[in-house]
Amino acid sequence: MQLQQEKAKKISGILSEKYPVPETALDYKTPFQLLVATILSAQTTDTQVNKVTSDLFEKYSRPQDFAELEVETLSEEIKSIGLHRSKSEYIIKSSRMIIDIFEGEVPRSFDDLLKLNGVGRKTASVVIYAAFSRPAFPVDTHVFRVSRRLGLADGKNPEKVEEQLKELFPEDDWGDMHHRLIYHGREVCKARSPDCSSCQLQDFCDYFKNNFK
DNA sequence: AACTCGGGGCA
DNA sequence: TGCCCAGAGTT
């Protein structure tokens with residue numbers, strides 16, 4: 001375990017030099033808007049989400065605004081990002097739940113967030129650290145894949161990997177580490193054809209060791 | 001555990 | 001132009 005933490009620290013150092021700027025894409029005005037944007041981000045990218053949120057939040061910004069919308073109306077606003085019908089339903093239902101059960105405020109606990117429609121582990125974690133600045137380690141497919149290739153985790157499911165990563169990194173670094181692993185996963189440690197030859201983490205990587213040495 | 005939703009990006 | 005990618009819900 002000590003050895004793993006040393007490795008984690010070195011990887012963190014290399015990645016933080018390579019990706020120095022923290023993600024600012026999730027810079028929304030209210031927890032509710034961040035929640036909506038995060039629900040929208042399922043199965044797509046922040047870039048895509050940002051294309052629709054600026055216009056969207058000009059027109060609708062509070063849970064009350066979304067709770068009254070027809071699915072078709074919202075769907076039309078977000079149709080360029082895919083899965084728009086189901087996402088519209090999730091957001092409208094969640095808005096109503098926030099009003100009806102959570103007194104108009106986005107819930108702050110993981111378990112309550114999970115009760116919302118369209119909110120799973122990853123989305124709930126993002127809301128906790130991005131909207132409420134509390135420790136969470138969102139595990140999306142990039143984090144899952146990259147941390148397993150590196151040998152930072154060997155869990156078979158995201159829950160297990162999340163547990164292992166939380167053991168490995170200091171609490172106040174979870175959010176940043178999540179971003180670094182995502183960047184690295186998108187740009188280098190890609191799902192299909194990873195650019196191992198240009199990867200600065202070769203020395204620490206189980207995947208590289210097993211496939212190229 | 002497999003299937004569904006739906007676009008954009010890239011070979 | 002067809003294949004791959006990215007979460008959550010449903011069956």
Side-chain angles (χ1 to χ4, degrees), chain A residues 19 23 25-26 28 31-56 66 69-98 101-102 106-107 109-131 136-149 153 155-163 165 174-175 177-199 207:
Chain A
Y19 311 109
E23 175 69 72
L26 293 172
Y28 290 100
F32 177 71
Q33 290 180 3
L34 185 120
L35 170 71
V36 172
T38 310
I39 291 174
L40 290 176
S41 76
Q43 295 290 95
T44 187
T45 62
D46 289 346
T47 313
Q48 289 297 105
V49 173
N50 288 335
K51 286 183 190 168
V52 302
T53 45
S54 50
D55 283 350
L56 185 66
F66 284 89
L69 286 181
E70 297 290 333
V71 173
E72 288 69 26
T73 311
L74 183 51
S75 199
E76 188 63 25
E77 296 282 336
I78 64 171
K79 65 169 187 280
S80 64
I81 68 175
L83 306 178
H84 49 274
R85 287 204 61 84
S86 48
K87 285 175 182 175
S88 295
E89 290 172 2
Y90 296 158
I91 289 167
I92 291 168
K93 283 185 193 165
S94 285
S95 299
R96 292 176 182 160
M97 289 178 69
I98 287 171
I101 355 187
F102 297 113
V106 177
S109 79
F110 188 75
D111 288 346
D112 281 344
L113 282 165
L114 285 186
K115 294 173 185 165
L116 298 176
N117 223 262
V119 178
R121 299 183 59 84
K122 185 257 183 180
T123 303
S125 297
V126 169
V127 171
I128 285 172
Y129 93 83
F137 207 136
V139 175
D140 66 355
T141 60
H142 294 298
V143 173
F144 185 78
R145 180 184 68 252
V146 174
S147 55
R148 293 181 83 259
R149 279 182 179 163
K156 296 293 180 248
N157 54 58
E159 292 89 335
K160 186 64 188 170
V161 166
E162 181 181 338
E163 261 179 57
L165 291 175
W174 290 351
M177 203 55 218
H178 149 80
H179 281 129
R180 292 178 195 131
L181 291 172
I182 286 178
Y183 282 130
H184 196 249
R186 277 205 291 250
E187 296 175 20
V188 180
C189 196
K190 297 178 285 188
R192 184 110 319 217
S193 50
D195 298 331
C196 294
S197 59
S198 71
C199 181
Y207 183 86

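Chain A is the first sequence line, chain B the second, and so forth, proteins listed ahead of strands; every chain is numbered from 1. Any value given below was found using the heavy atoms of this structure, including those in side chains, with hydrogens, waters and symmetry copies removed.
One interatomic measurement links the two molecules: CG of A:L83 to P of B:dC5, which rounds to 10 Å at whole-angstrom precision. The CG-P distance, from A:N117 to B:dC5, rounds to 17 Å in whole Å. Regarding A:K79, its NZ atom lies at a distance of 10 Å from the P atom of B:dG8, rounded to whole Å. Regarding A:K190, its NZ atom lies at a distance of 15 Å from the P atom of B:dG9, rounded to whole Å.
Note on ring orientation: taking the six-membered ring where Trp is involved, the planes of A:Y19 and A:H184 are perpendicular (angle over 60°, cut-offs 30° and 60°).
A:F66 meets the ring pair (Phe, Tyr, Trp, His ring centres under 6.0 Å) test with A:F32, A:Y60; sequence neighbours excluded.
Across residues 84-93 of chain A, A:H84, A:R85, A:S86 each have a non-hydrogen atom less than 4.0 Å from an atom of DNA chain B (numbered order).
Counting heavy atoms from C-beta outward, A:V139 and A:K122 have side chains that stay 4.5 Å or more apart.
The aromatic ring centres of A:H179 and A:Y129 sit less than 6.0 Å apart.
Only the C1' atoms considered, C:dA8 is 23 Å distant from B:dG9, to the nearest whole Å. Nucleotides B:dC3 and C:dC4 place their P atoms 16 Å apart, quoted to the nearest Å. The P atoms of B:dG8 and C:dG9 are separated by 24 Å, rounded to the nearest whole Å.
Counting only distance, with no hydrogens or angles, the side chain of A:T44 and the backbone of A:S41 share no donor-acceptor pair below 3.5 Å. Put simply, the side chain of A:R145 gets close to the backbone of A:G185: a donor and an acceptor are under 3.5 Å apart.
Within 4.0 Å of A:S80, counting heavy atoms only, lie sugar-phosphate atoms of the nucleic acid but no base atom. If you check every strand for non-hydrogen atoms under 4.0 Å, A:L114 touches nothing. Within the nucleic acid shown, A:T123 comes within 4.0 Å of sugar-phosphate atoms alone, with no base atom in reach, counting heavy atoms only.
In this structure, A:S75 and A:H84 approach most closely via the heavy-atom pair OG-CD2, 2.8 Å.
Taking a 6.0 Å sphere around CD of A:E70, one finds it holds 12 or fewer heavy atoms contributed by other residues, nucleotides or ligands. Shown here is A:K160, whose NZ atom has no more than 12 heavy atoms of other residues, nucleotides or ligands within 6.0 Å.
The residue among A:T44 and A:K51 whose nearest nucleotide of DNA chain B lies closer to the 5′ end is A:T44. Toward the 5' end of DNA chain C, the nearer of the two residues A:T45 and A:G118, judged by each one's closest nucleotide, is A:T45.
In the 5' to 3' direction, nucleotides of DNA chain C lying under 4.0 Å from heavy atoms of chain A begin and end at C:dC4 to C:dG9.
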